[in-house]
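Down below is the structure, laid out as structure tokens.
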2 protein chains.
Amino acid sequence: MEDINYGMDRCDCTVIHEETVKHVRTKMPADENLYDLAELFKVFGDTTRIKILCALAESEMCVCDIAVLLNMTQSSISHQLRVLKQARLVRYRREGKVVYYSLDDDHVKQIFNLGLIHLNEM
Amino acid sequence: MEDINYGMDRCDCTVIHEETVKHVRTKMPADENLYDLAELFKVFGDTTRIKILCALAESEMCVCDIAVLLNMTQSSISHQLRVLKQARLVRYRREGKVVYYSLDDDHVKQIFNLGLIHLNEM
DNA sequence: AAATCATATGAACATTTGTTCATATGAATA
DNA sequence: TATTCATATGAACAAATGTTCATATGATTT
């Protein structure tokens with residue numbers, strides 16, 4: 001097997017297993033999909049947001065309730081709810097001055113549970 | 001229902017739905033678990049690491065192979081593999097000078113797939 | 001219409017994070 | 001034993017992120 005570097009700019013390595021790399025390359029999803037996937041998990045990757053999701057998994061709640069529950073400022077909860085909203089993980093409905101948030105779909109709980117399973121089995 | 005603030009330091013809100021908050025509070029997992037869960041998802045929340053996991057889902061690979069595949073430096077791949085190792089998402093075996101990495105368990109693929117399902121259904 | 005209340009948001013700040021560069025480690029080989 | 005090569009790692013730096021503070025918005029109530 002030849003030691004070809006393929007003229008890559010960034011990589012300072014020699015290709016060791018050319019066939020493996022070639023094969024895996026054909027199996028990789030589009031960069032855009034992997035980017036989106038990382039962005040999705042990034043949303044789960046914060047304690048405050050995890051707590052919010054966990055709370056909403058139990059019951060619909062307004063912003064103030066969540067702030068009290070987590071003992072955090074209304075502002076920071078509101079900022080985080082915006083992130084969750086953009087990721088389509090939560091939805092909301094307005095009732096007068098109060099805005100109620102809830103989980104958007106069932107995937108949230110599923111992803112959540114898989115994470116817990118992984119942690120429990122380590 | 002009374003407007004009690006419960007003497008929270010940080011929250012600038014009035015409790016609106018006291019019963020809801022009380023109930024949800026009893027259902028919340030321990031802070032430590034939620035912290036660990038967030039830490040786990042944080043690991044998935046980076047494009048480079050997602051790509052590495054995706055590649056390893058297809059085949060065991062050495063560090064150089066991954067660097068070539070992703071067109072990144074060996075150093076940055078190695079740093080990220082350390083993160084994945086600490087999260088128990090990948091394992092490795094040494095064969096002479098070469099270190100081969102692979103997925104540690106099947107949860108990785110499952111979490112991965114759930115993420116993709118969520119993205120596809122939005 | 002003015003005041004009140006729940007929520008949203010922009011800017012600033014501190015912290016965290018990912019990559020790079022230089023170098024260390026540790027195993028095979030000459 | 002000296003060299004080579006694959007990998008690991010520490011420090012530095014830039015970029016991203018979460019919270020806070022001040023204030024805006026928008027709906028209700030007086």
Side-chain angles (χ1 to χ4, degrees), chain A residues 1 3 5 8-17 20-21 35 38-39 41-52 60-87 90-101, chain B residues 1 3 5 8-17 20-21 35 38-39 41-52 60-87 90-101:
Chain A
M1 203 183 294
D3 270 5
N5 190 305
M8 294 299 182
D9 321 352
R10 321 283 308 296
C11 174
D12 48 1
C13 295
T14 304
V15 177
I16 300 182
H17 308 89
T20 303
V21 174
Y35 177 83
E39 289 301 304
F41 286 124
K42 202 174 284 182
V43 176
F44 283 90
D46 174 78
T47 310
T48 301
R49 287 192 295 266
I50 280 284
K51 285 179 182 171
I52 293 175
E60 176 186 71
M61 294 180 99
C62 74
V63 181
C64 269
D65 289 342
I66 302 173
V68 170
L69 175 70
L70 304 185
N71 193 24
M72 295 180 67
T73 63
Q74 172 272 322
S75 175
S76 105
I77 298 298
S78 189
H79 276 297
Q80 297 298 4
L81 282 169
R82 193 161 67 94
V83 175
L84 293 169
K85 218 186 306 172
Q86 282 170 345
V90 303
R91 57 163 163 248
Y92 65 96
R93 67 183 178 86
R94 179 158 218 135
E95 205 172 276
K97 282 181 287 190
V98 181
V99 178
Y100 293 93
Y101 282 86
Chain B
M1 204 183 294
D3 269 6
N5 191 304
M8 293 299 182
D9 321 351
R10 322 284 307 298
C11 174
D12 47 2
C13 294
T14 304
V15 176
I16 302 181
H17 308 89
T20 304
V21 175
Y35 177 82
E39 288 300 304
F41 286 125
K42 202 173 285 183
V43 176
F44 283 90
D46 174 78
T47 311
T48 300
R49 286 192 296 266
I50 280 284
K51 285 180 183 173
I52 293 174
E60 176 185 69
M61 294 180 100
C62 73
V63 181
C64 268
D65 288 342
I66 301 173
V68 170
L69 174 70
L70 304 184
N71 193 24
M72 295 181 66
T73 62
Q74 172 271 322
S75 175
S76 106
I77 298 298
S78 189
H79 277 297
Q80 297 298 5
L81 283 169
R82 191 160 68 94
V83 175
L84 293 169
K85 219 187 304 173
Q86 282 170 345
V90 303
R91 58 165 163 245
Y92 64 96
R93 67 182 178 85
R94 180 156 216 135
E95 205 171 277
K97 282 181 287 191
V98 182
V99 177
Y100 293 93
Y101 283 86

- Item | Val99(B): partners by side chain to side chain contact (heavy atoms under 4.5 Å, CB included), with sequence neighbours left out | Tyr92(B), Arg94(B), Tyr101(B)
- Item | Under the salt bridge (charged side-chain N to carboxylate O under 4.0 Å, His left out) test, residues paired with Arg82(A) that sit two or more places apart | none
- Query: Between Phe44(A) and Phe41(B), how do the two ring planes meet: parallel, tilted or perpendicular, split at 30° and 60°?
  - Reply: tilted
- Item | Qualifying residue, where the test is side-chain contact (heavy atoms from CB on, under 4.5 Å) with Val63(B) and the options are Val98(B), Val68(B), Leu81(B) | Leu81(B)
- For atom CD of Glu95(B) and atom P of dT29(C), their distance in whole Å: 12 Å
- Query: Which residues pass the side chain to side chain contact (heavy atoms under 4.5 Å, CB included) test with Gln80(A), sequence neighbours left out?
  - Reply: Asp46(A), Thr48(A), Arg49(A), Ile52(A), Val83(A)
- Item | All side chain to side chain contact (heavy atoms under 4.5 Å, CB included) counterparts of Ser76(B), not counting sequence neighbours | Met72(B), Thr73(B)
- Item | Distance-minimising heavy-atom pair for Thr47(A) and Ala38(B) | N-CB, 3.6 Å
- Task: To the nearest Å, give me how far apart CD1 (Ile66(A)) and C1' (dT7(C)) are.
- Result: 12 Å
- side chain to side chain contact (heavy atoms under 4.5 Å, CB included) partners of Thr20(B), counting only residues at least two apart: Ser59(A), Met61(A), His17(B), Val24(B)
- Note on the structure: Separation of dT19(D) atom P from Leu70(A) atom CG, nearest Å, is 10 Å
- Item | Distance, rounded to the nearest Å, where Ile77(A) contributes CD1 and dG18(D) contributes P | 13 Å
What protein N or O atoms touch nucleotides 10-14 of chain D N or O atoms at under 3.5 angstrom, if any, and at what distances?
from, atom 1, to, atom 2, distance (Å)
dG10(D), O6, His79(B), NE2, 2.8

- Message: Would the base of dA8(D) count as contacting Gln74(B) through its side chain, where contact means a donor and an acceptor less than 3.5 Å apart?
- Response: yes
- Give the nucleotide from the list dT7(C), dA8(D), dT7(D) with an atom nearest to the side chain of Tyr101(B). dA8(D)
- Task: Rounded off to whole Å, could you give me the CZ-to-P distance for the Arg94(A) and dC5(C) pair?
- Result: 16 Å
Are there any protein N/O atoms within less than 3.5 Å of an N/O atom in nucleotides 12-18 of chain C, and if so, which ones and at what distance?
from, atom 1, to, atom 2, distance (Å)
dG18(C), OP1, Arg49(B), NH1, 3.0
dG18(C), OP1, Arg49(B), NH2, 2.8
dG18(C), OP2, Arg49(B), NH1, 3.4

- Message: Measuring to OP1 and OP2 of dA8(D), would you say a side-chain N or O of Tyr92(B) lies under 4.0 angstrom away?
- Response: no
- Task: Grab the CZ-C1' distance between Arg93(A) and dA6(C) for me, whole Å please.
- Result: 14 Å
- Query: Taking C-beta and beyond as the side chain, do Ile66(A) and Leu70(A) meet within less than 4.5 Å on heavy atoms?
  - Reply: yes
- Query: Over how many whole Å does the gap from Ile52(B) atom CD1 to dT7(D) atom C1' extend?
  - Reply: 14 Å
- Note on the structure: Residue pair Lys97(A)/Ser78(A) against DNA chain C: nearer the 5' end by closest nucleotide is Lys97(A)
- Query: dT7(D) C1' sits how many Å from Met61(B) CE, rounded?
  - Reply: 16 Å
